[in-house]
> 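Sharing a structure below in structure tokens format, with a few things to ask.
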Amino acid sequence: MNDYLRHMDITSFQRDLLHWYEENKRDLPWRKTQDPYRVWVSEVMLQQTKVDTVIPYYHRFLESFPTLKELAEAREEEVMKAWEGLGYYSRARHLHQAVKEVVENYGGEVPHEKKAFSSLKGVGPYTAGAVLSIAFEQPEPAIDGNVMRVFSRLLLITEDITKAKTRKIFEEVIPPFLEEVLPSEMNQALMELGAIVCFPTSPHCLLCPVERYCMAREEGVQEELPVKAKKRAPKVKKMAAVILKNEEGKTLFHQRPDDGLLATLWEYPNTEIKEAGQTKETLTEFLSSEYEIEAIIGEKVQEVKHVFTHLIWEIEVYEGIVKRQKTCQNERLSWLTLREATQYAFPVSHQKILKEQKRKEESADGLRTSK
DNA sequence: AATTCGTGGTC
DNA sequence: TGACCAAGAAT
């Protein structure tokens with residue numbers, strides 16, 4: 001018997017939590033179905049992402065790709081465009097790859113064996129547990145940040161939850177809570193409690209349906225849990241980007257590498273600025289050596305800040321005119337009209353540049369046509 | 001095991 | 001206002 005559960009009346013806990021869940025659960029789009037494809041899509045979008053952010057993406061994504069087969073048959077470009085702005089873009093590519101595997105190897109039916117489903121791209125221990133329990137009623141724990149917070153308080157688990165090892169404790173402790181109930185309900189009830197009552201700071205213990213079971217509350221240390229190591233401050237990178245136009249009035253865009261940060265997304269040509277005050281020179285040299293394009297860099301027209309988890313870009317945006325371009329073709333470069341560019345997925349920082357360029361060109365158009 | 005991967009909202 | 005955080009996975 002697990003020592004953490006010594007004083008826990010699991011049956012009563014289940015009754016109280018599930019009763020509360022039925023009365024208080026939010027009406028979320030992905031709770032209207034147990035279709036494994038839709039559950040899967042929602043779970044991938046919800047990784048490290050707030051419910052309010054996901055909802056519009058969830059609707060648009062399923063409008064574009066209503067079934068697993070239709071997603072599998074879609075072009076990756078389309079999938080990335082549907083994910084544009086949601087972040088962690090490898091989620092989209094992995095999901096796309098994974099549903100193709102499902103069509104290829106499982107006849108288009110989402111596999112309900114843990115081993116098979118877990119082997120799919122982008123499906124980790126949380127997503128496997130969530131989809132298998134919610135769509136297939138399998139008694140698998142779905143251990144996310146909410147659930148670790150709830151259980152760390154409930155059972156006074158003081159291990160650092162940012163450490164991979166700590167996860168094992170939760171995997172040991174949670175399965176008994178999934179016995180003799182609907183796993184879909186229990187897992188979602190635990191997450192819902194974390195989401196709308198058992199907040200990271202100032203948990204609403206007075207509204208908590210399972211307060212009487214909570215050991216952290218008993219000790220008055222609910223605010224101190226869970227224990228998490230602090231992460232270091234992100235580094236700042238000074239960047240410069242250029243809105244480079246050719247004689248046809250088209251703009252140069254670049255597709256980022258297939259792996260790494262913002263993989264495969266499109267952007268304005270840009271480079272890191274290592275010496276302050278050398279921005280124009282650095283851009284000119286970058287275009288010449290990297291793309292074999294001779295250009296004249298004009299004025300700075302915009303500043304954009306892009307904050308990542310582990311990195312900050314401070315981007316200075318310049319205008320530029322191309323003088324000469326060698327015939328050498330770079331697969332990842334494209335001269336596009338602004339309308340053409342909107343078919344491609346951009347990271348938020350470059351969406352801001354695109355939006356500003358559009359605004360300026362439209363106001364210039366307006367001036368011209370009104371004369 | 002420790003890093004790398006986005007973005008937007010909150011206090 | 002800046003640190004913190006969110007239904008994590010891959011490497």
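Every chain is numbered from 1, with letters handed out A, B, ... down the list of sequences.
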> Between H254(A) and Y291(A), does the ring centre distance come in under 6.0 Å?
yes
> Which residues within residues 114-135 of chain A lie with some heavy atom under 4.0 Å of an atom in DNA chain C?
K121(A), G122(A), V123(A), G124(A), P125(A), Y126(A), T127(A)
> Roughly, in whole Å, what's the span from CG in L46(A) to C1' in dA9(C)?
15 Å
> Could you grab the distance from atom CG of L71(A) to atom CZ of F65(A), nearest 0.5 Å is fine?
6.0 Å
> Would you kindly give the CG-to-C1' distance between D258(A) and dA10(C), to the nearest whole Å?
16 Å
> Given 3.5 Å as the limit, does a donor-acceptor pair link the side chain of Y89(A) with the main chain of G85(A), or not?
yes
> For nucleotides 7-11 of chain B, tabulate all protein N/O to nucleotide N/O atom pairs closer than 3.5 Å, reporting atom names and distance.
from, atom 1, to, atom 2, distance (Å)
dT7(B), OP1, Y89(A), OH, 2.6
dT7(B), OP1, V348(A), N, 3.2
dT7(B), OP2, H306(A), NE2, 2.2

> State whether Y88(A) and R91(A) meet the cation-pi test: NZ (Lys) or CZ (Arg) under 6.0 Å from the six-membered ring centroid, and within 45° of the perpendicular axis.
no
> Would you say Q34(A) and E137(A) are linked by a side-chain donor-acceptor pair, where the criterion is simply a distance under 3.5 Å?
yes
> Would you kindly give the CZ-to-P distance between R91(A) and dG8(C), to the nearest whole Å?
9 Å
> Closest approach to the side chain of L261(A), judged atom by atom: which nucleotide of dA6(C), dG6(B), dA9(C) is it?
dG6(B)
> When we call it a touch if two heavy atoms are under 4.0 Å apart, what does R26(A) touch: a base, just sugar-phosphate, or nothing?
base
> Tell me, which of residues 223-239 of chain A have any heavy atom that sits under 4.0 Å from an atom in DNA chain C?
K228(A), K230(A)
> Report the relative orientation of the aromatic rings in F151(A) and F13(A); use parallel for angles under 30°, tilted for 30 to 60°, perpendicular for over 60°.
tilted
> Nearest whole angstrom, please: distance from the P of dC5(B) to the CZ of R93(A).
11 Å
> Specify whether F308(A) and W313(A) have parallel, tilted or perpendicular ring planes, treating 30° as the upper limit for parallel and 60° as the lower limit for perpendicular.
perpendicular
> Does H94(A) NE2 have over 12 foreign heavy atoms under 6.0 Å away?
yes
> Distance-only, no hydrogens or angles: does the R153(A) side chain make a donor-acceptor pair with backbone N or O of Q222(A) under 3.5 Å?
yes
> For R149(A), answer base if it contacts any base atom (sugar-phosphate contacts may also be present), sugar-phosphate if it contacts only those atoms, and nothing otherwise; contact means non-hydrogen atoms under 4.0 Å.
sugar-phosphate
> Sequence neighbours excluded, which residues qualify as salt bridge (charged side-chain N to carboxylate O under 4.0 Å, His left out) partners of R75(A)?
E77(A)
> Output the rounded distance in Å from CD (Q97(A)) to C1' (dA10(C)).
12 Å
> Take E76(A) and K100(A), measure what salt bridge (Lys or Arg N to Asp or Glu O under 4.0 Å) needs, and give me the verdict at the end.
CA-CA 11 Å; E76(A) 182 171 309; K100(A) 286 185 187 177; 5.8 Å; no
> What does W313(A) touch in the nucleic acid at a heavy-atom separation under 4.0 angstrom: a base, only the sugar-phosphate, or nothing?
nothing
> Within this structure, what is the NE2-to-C1' distance between H94(A) and dA10(C), rounded to whole angstrom?
7 Å
> Tell me whether the rings of Y58(A) and W30(A) are parallel (<30°), tilted (30 to 60°) or perpendicular (>60°).
perpendicular
> Using whole Å, report how far CD of E84(A) lies from C1' of dG6(B).
13 Å
> From CH2 of W40(A) over to P of dG8(C), roughly how many Å is that when rounded to an integer?
17 Å
> List the residues meeting side-chain hydrogen bond (donor to acceptor under 3.5 Å, both in side chains) with Y126(A), not counting sequence neighbours, and say none if there are none.
E43(A)
> Let's see if you get this right: which residues in residues 156-182 of chain A place a heavy atom under 4.0 Å from DNA chain C?
none
> Check this for me: E281(A), atom CD, are more than 12 non-hydrogen atoms of other residues, nucleotides or ligands nearer than 6.0 Å?
yes
> Rounding to the closest angstrom, what is the interatomic distance between dG8(B) and dA9(C) at atom P?
22 Å
